[in-house]
Amino acid sequence: MDTTDWRLVKKRTADADGAVYVSADGTRYRRTGGAALRSEAAFQQMAAGLGYPVPRVLEHGERGDGTYFVDEESLGGQSLHEKALASLDSRRELPDQVVDQLAEVSSRLLAAQAAHPVDGGPDALRRWVEQAGWTHSVFTENPDLDTPRTRAALTRATDQLASTPMVWGHLDYGLPNVLPAGVIDWQHHGMTPLGYDVALALEVIPFKGGAKGYAATPRQRERYLTVLDVAAQTAGRPPVSPHMGSFLLVKSLFFLALMRPTDPARGDKRQKWQYRRHLFLKGIDQYELTGNIDTALFPTLDSFASGQNSAVRP
């Protein structure tokens with residue numbers, strides 16, 4: 001594999017010894033890796049055939065040393081996350097143009113997913129909770145959270161989603177993985193209830209603790225969900241917004257997974273782990289009371305840290 005005309009962009013975290021390159025003219029990206037990349041490329045080719053807004057795989061193969069590579073079309077130079085950061089002024093409000101672009105790509109993805117439901121069998125929702133929520137990792141690191149209360153909330157969520165079609169999804173959908181022309185980075189793909197990917201794209205921002213530099217306003221969040229509900233109904237499916245609570249309950253597990261620090265000297269990581277635990281428990285409180293979770297009520301990481309009582313830490 002000749003990389004003479006390619007510039008290194010970054011190392012890949014999803015695949016050991018993998019990397020991402022961009023061609024000299026900026027029209028192609030090349031990713032290298034192993035089994036994980038091979039699986040992702042196969043899925044991406046399938047998704048493109050279903051009309052998903054994903055980069056077209058132009059070439060793929062294996063080097064003599066066993067390294068796998070994938071060349072794909074470029075969907076643009078900036079993700080919506082990067083565009084949002086570049087557009088910020090003195091305010092933290094997400095630019096409306098970015099929200100509109102997100103809604104357009106999300107609607108295209110939702111329409112393609114709605115047109116191609118998947119029969120995952122009777123355990124599909126349970127498997128989704130395990131994969132999307134990384135529940136094994138969460139409960140291993142936080143055994144005190146593996147309680148009848150948590151299990152009851154997750155059962156309630158899957159019961160409420162019982163009639164929702166299952167589809168092939170991204171599982172890590174958000175502004176960093178969305179470009180104006182489509183969606184990249186499908187390494188975590190799996191089966192999801194329709195709407196799980198796109199509905200949470202603005203709701204996941206508060207889980208970052210306010211460190212991302214921008215925030216979606218209530219008006220933007222409501223407008224975005226309205227666009228998605230219309231797209232779902234146009235595709236002959238029920239609106240996705242009524243399932244936000246169930247979706248967010250699982251997503252809050254995802255953000256808690258692999259957070260517990262192994263190095264006791266890393267107080268910053270411990271604080272972030274405690275913060276994500278707080279958001280998960282706050283989410284369960286809301287979900288039990290209302291069946292929904294309002295991320296606008298989440299504290300920022302700084303406000304949580306300033307008011308935190310170390311005596312209550314486990």
Side-chain angles (χ1 to χ4, degrees), residues 14 36 39-40 43 109-110 113-114 116-174 177 185-204 206-207 225 228 232 237-260 273 276-295 298:
S39 172
E40 181 184 353
F43 175 83
L109 175 58
L110 181 65
Q113 290 173 320
H116 300 283
V118 180
D119 182 5
D123 292 332
L125 281 170
R126 178 186 59 79
R127 294 196 304 272
W128 161 67
V129 170
E130 292 174 354
Q131 182 181 6
W134 291 59
T135 54
H136 176 74
S137 295
V138 172
F139 293 149
T140 297
E141 292 184 333
N142 307 269
D144 60 309
L145 297 182
D146 188 4
T147 63
R149 181 193 184 198
T150 300
R151 297 289 180 176
L154 292 173
T155 297
R156 177 182 176 184
T158 54
D159 287 347
Q160 291 180 341
L161 292 166
S163 61
T164 303
M166 299 298 291
V167 299
W168 290 114
H170 189 280
L171 290 176
D172 192 21
Y173 191 83
N177 292 325
D185 292 346
W186 289 81
Q187 62 262 32
H188 297 298
H189 63 271
M191 207 172 291
T192 75
L194 179 66
Y196 175 73
D197 276 340
V198 296
L200 303 185
L202 297 180
E203 303 301 323
V204 298
F207 284 93
L225 284 177
L228 295 184
R237 303 295 184 182
V240 301
S241 59
H243 302 312
M244 292 294 288
S246 299
F247 291 160
L248 278 165
L249 183 67
V250 174
K251 184 60 77 171
S252 65
L253 285 168
F254 168 85
F255 277 107
L256 181 55
L258 307 180
M259 290 297 297
R260 185 169 189 162
W273 168 54
R276 295 283 178 83
R277 283 172 54 91
H278 177 76
L279 298 188
F280 173 71
L281 292 170
K282 189 174 183 67
I284 282 193
D285 287 342
Q286 292 185 38
Y287 188 67
E288 287 178 334
L289 288 173
T290 68
N292 198 10
I293 297 174
D294 186 356
T295 59
F298 286 177

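Residues Leu125 and Asp159 fail the side-chain proximity criterion, which asks for heavy atoms closer than 4.5 Å. You'll find the side chain of Lys282 stays beyond 4.5 Å of the side chain of Ser252, heavy atoms only. Inter-residue side-chain proximity for Asn142 and Phe280 is flagged as unmet; no heavy-atom pair is nearer than 4.5 Å. Residues Met166 and Pro193 are in side-chain contact: their nearest non-hydrogen atoms beyond the backbone lie under 4.5 Å apart. In this structure, Asp294 and Gln286 have side chains that are in contact, with non-hydrogen atoms separated by less than 4.5 Å. At least one side-chain heavy atom of Phe247 sits under 4.5 Å from a side-chain heavy atom of Leu161.
One distance of note links CG of Leu279 with CD1 of Ile284; it measures 12.0 Å at 0.5 Å rounding. Residue Leu110 holds its CG atom at 6.0 Å from CG of Leu228, rounded to the nearest 0.5 Å. Note that CG of Asp172 is 5.5 Å distant from CG of Asn177, once rounded to the nearest 0.5 Å. Note that CZ of Arg237 is 10.0 Å distant from OG1 of Thr164, once rounded to the nearest 0.5 Å. The OG atom of Ser137 sits 13.5 Å away from atom CZ of Arg260, with the distance rounded to the nearest 0.5 Å. To the nearest 0.5 Å, atoms CE (Met259) and CD (Glu141) are separated by 9.0 Å.
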side-chain contact (heavy atoms from CB on, under 4.5 Å) between His170 and Trp186, intermediate numbers included | CA-CA 6 Å; His170 189 280; Trp186 289 81; 3.5 Å; yes
Determine, stepwise, if the pair Leu256 / Trp134 fulfils side-chain contact (heavy atoms from CB on, under 4.5 Å).
-> CA-CA 9 Å; Leu256 181 55; Trp134 291 59; over 6 Å; no
Go through the steps for Tyr173 and Leu109 under the test side-chain contact (heavy atoms from CB on, under 4.5 Å), then give the verdict.
-> CA-CA 11 Å; Tyr173 191 83; Leu109 175 58; 3.6 Å; yes
Verdict with reasoning, Arg149 to Glu288, per side-chain contact (heavy atoms from CB on, under 4.5 Å) = CA-CA 10 Å; Arg149 181 193 184 198; Glu288 287 178 334; 2.8 Å; yes
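Within 6.0 Å of the CG atom in Asp119, the count of heavy atoms belonging to other residues, nucleotides or ligands does not exceed 12.
Using a 30° and 60° split on the angle between ring planes, Tyr196 and Trp128 fall in the perpendicular class, above 60°.
In terms of heavy-atom proximity, Phe298 sits nearest to Pro206 at CD1-CB, 4.3 Å. The minimum heavy-atom distance linking Ala157 with Leu249 is given by the pair CB-CD2, 4.2 Å. Here the shortest heavy-atom pairing between Gly120 and Met191 reads CA-SD, 3.5 Å.
Of the possible polar contacts, none joining the Thr290 side chain to the Tyr287 backbone as a donor-acceptor pair under 3.5 Å is found. Formation of a donor-acceptor pair under 3.5 Å by the Thr150 side chain with backbone atoms of Leu145 is found in this model.
Screening Thr295, Leu200, Ile293, Leu171 for a side-chain contact (heavy atoms from CB on, under 4.5 Å) with Lys251, the sole residue that qualifies is Leu200.
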